[in-house]
Novice: 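Take a look at the following structure, please.
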Amino acid sequence: TETESDSDSVDGNTLVVDALAANGVSTIYGVVGIPVTDLARTAQERGMRYLGFRNEQAAGHAAAAAGYLTGRPGICLTVSAPGFLNGVVALANATVNCFPMIQISGSSDRAIVDLEQGDYEELDQLTAARPFAKAAYRVDSPELIGVGVGRAIRAAVSGRPGGVYLDLPADVLSASAQRTPPPRIVDPSPRQIPAPESVDRAVALLEQARRPLIVLGKGAAYARADAVIRELVEATGAPFLPMSMAKGLLPDDHPQSAAAARSLVLADADVVVLVGARLNWLLDHGRPPRWSADARFIQLDICAAEFDSNRPIEAPVLGDIASSAAALLAAVRRSRIAPVPEWREQIEASKRANVKRMDAQLHADVHPMNFAVALRAIRDVLDDHRDAIVVSEGANTLDSARNIIPIYAPRHRLDAGTWGVMGVGLGYAIAAAVETGEPVVAIEGDSAFGFSGMEIETVCRYKLPVVVIVFNNGGVYRGDEINAHSDDPAPTVLLHSSRYDTLIEAFGGVGYHAETPAHVAAALRSALTTAAPALIDCVIDPAVGTESGHLQKLNRLAREEEP
Ligand code: ADP
């Protein structure tokens with residue numbers, strides 16, 4: 001009867017939450033406003049966790065990190081036009097980094113938008129999102145909400161993961177429709193088994209190796225095949241190099257780690273196995289002089305178009321990392337892979353020399369502090385807190401922290417990633433705390449912190465166990481540049497006198513001010529013990545730090561000096 005069907009009809013918001021819940025979504029990161037406020041309320045009513053941010057970009061980065069950490073798409077909710085566009089930075093960053101996330105955005109009246117008649121927050125969002133997303137969909141009737149959410153989920157996590165955009169116009173969210181069971185996506189990220197001949201080809205090449213090298217990337221960390229990957233590395237006896245977010249997949253103190261002999265192994269390896277790592281700028285595109293011109297490559301990846309992007313891949317293995325690593329391990333066990341003993345010896349010698357050199361820097365007696373001595377203090381404290389997830393961004397702060405802070409467990413380091421982007425820190429830190437319940441230490445350059453600094457209010461509001469450490473050297477790169485042309489500060493200069501610790505006090509968190517390594521260590525120990533929101537203002541000499549950190553070859557002057 002008519003009354004029965006009326007009582008079965010619900011609004012679009014409810015249908016969206018039904019579809020998300022049916023597919024296991026339990027957390028939404030976002031910023032509310034017209035037209036999505038009721039969607040967030042409905043989600044909360046239904047027992048989902050909604051975390052409200054101060055800016056959509058940080059909410060989007062949080063959703064992307066949640067996707068990386070859980071293997072399920074992280075959800076970011078944004079309002080129309082400007083809120084949507086703020087979120088698109090994170091959507092694009094997720095796509096580039098292969099993190100599964102879905103940006104769900106409300107949008108304005110299509111009839112007005114499409115005729116450009118001037119609506120509130122008018123923008124053709126679907127078209128705007130498309131170039132930055134792995135997939136982009138719009139739902140134009142409430143009956144199709146379940147299908148739209150389901151498609152977004154599968155697109156985000158299947159194959160090479162990425163960012164998906166889902167556009168929900170205001171009238172669809174407020175329309176009423178029959179409540180029917182939403183589609184439950186079966187096996188959203190199916191296994192993809194590699195072809196046996198591709199595995200045999202890879203092992204045949206590995207058998208010819210005298211100086212093999214395994215490079216582990218964040219694709220390998222994402223795949224959650226931790227045990228199999230460890231067995232594979234150990235069965236080959238080859239040194240491995242973790243990319244920054246793959247640190248901890250095997251612990252950094254594993255005897256086969258060649259992280260401290262990076263230049264040597266890149267230059268001298270004769271057969272390289274890339275496991276969920278791309279030969280992009282982070283690996284100097286696999287080119288000489290960084291790499292040997294004679295190196296031969298095996299690559300495990302889920303995306304066939306990735307092969308041969310920079311160097312010819314002699315043995316491509318197409319499949320998901322868990323399946324490919326397992327198949328390779330079985331074949332390796334039947335094979336004869338025999339690195340020459342000198343290879344191990346050379347690497348050990350190089351590691352010893354580099355560790356010794358680094359140790360002198362870490363224990364230098366310098367006031368004010370430089371990056372190395374402050375990071376040594378952090379390293380020593382984190383050695384007793386190996387469950388902590390480390391987030392890192394900045395230029396010098398990022399580069400030095402990557403080398404100095406060891407990681408002991410998989411997916412325990414999140415950083416600036418494939419783009420080397422700033423502004424991810426607080427969003428990643430919040431998601432890490434929310435998704436894992438583990439303590440989080442965000443090691444931030446002062447400039448990097450500024451991009452998402454207001455999210456410390458979010459950290460305090462949700463009482464998350466996040467410690468932010470701001471490396472305050474008063475500048476982008478460094479803080480001592482002089483502008484000889486006017487009274488304005490130079491482009492790289494920030495206020496070195498800033499007391500970042502007082503910011504978090506405004507929101508009820510604990511602030512620490514640290515001028516020596518002993519201060520840093522005491523502050524971090526205390527913050528980790530209380531597991532409450534904290535910020536350590538870590539005063540660094542403005543005269544230390546190099547332009548662009550380790551990326552000096554991208555600077556104009558350095559380029560011009562090249563022969
Ligand atoms: P890094 O920056 O750590 O070197 P990249 O992000 O460049 O790592 O590379 C990750 C690679 O891993 C991408 O080419 C992606 O296609 C691949 N990848 C991501 N997830 C999987 C998976 N589950 N199985 C196989 N390959 C994957």
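For the numbers below, each heavy atom of this structure counts, side chains included, while hydrogens, waters and symmetry mates do not. Index from 1, following the sequence. Both counts, for ligands and for their atoms, begin at 1 and track the order of listing.
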Novice: Is there a side chain to side chain contact (heavy atoms under 4.5 Å, CB included) between Leu318 and Phe307 once you walk through the steps?
Specialist: CA-CA 9 Å; Leu318 182 66; Phe307 302 134; 4.1 Å; yes
Novice: Do Tyr165 and Phe84 make the cut of ring centroids closer than 6.0 angstrom?
Specialist: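 Ring-ring flag for Tyr165/Phe84: true, centres closer than 6.0 Å.
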Novice: Does the side chain of Gln103 pick up a donor-acceptor pair with the side chain of Thr78 at under 3.5 Å?
Specialist: yes
Novice: Only counting residues at least two apart or in another chain, list the ones meeting ring-ring contact (aromatic ring centres under 6.0 Å, His included) with Tyr222.
Specialist: none
Novice: What residues come within 4.0 Å of ligand 1, counting heavy atoms only?
Specialist: Cys98, Arg160, Pro161, Gly217, Lys218, Gly219, Tyr222, Ala223, Met243, Gly276, Ala277, Arg278, Asn280, Leu282, Asp301, Ile302, Cys303, Glu306, Gly319, Asp320, Ile321, Thr418
Novice: Does Arg386 have any salt bridge (Lys or Arg N to Asp or Glu O under 4.0 Å) partners at least two apart in sequence or in another chain, and if so, which?
Specialist: Asp383
Novice: For residues 192-211, which residue pairs pass the salt bridge (Lys or Arg N to Asp or Glu O under 4.0 Å) check, not counting sequence neighbours?
Specialist: none
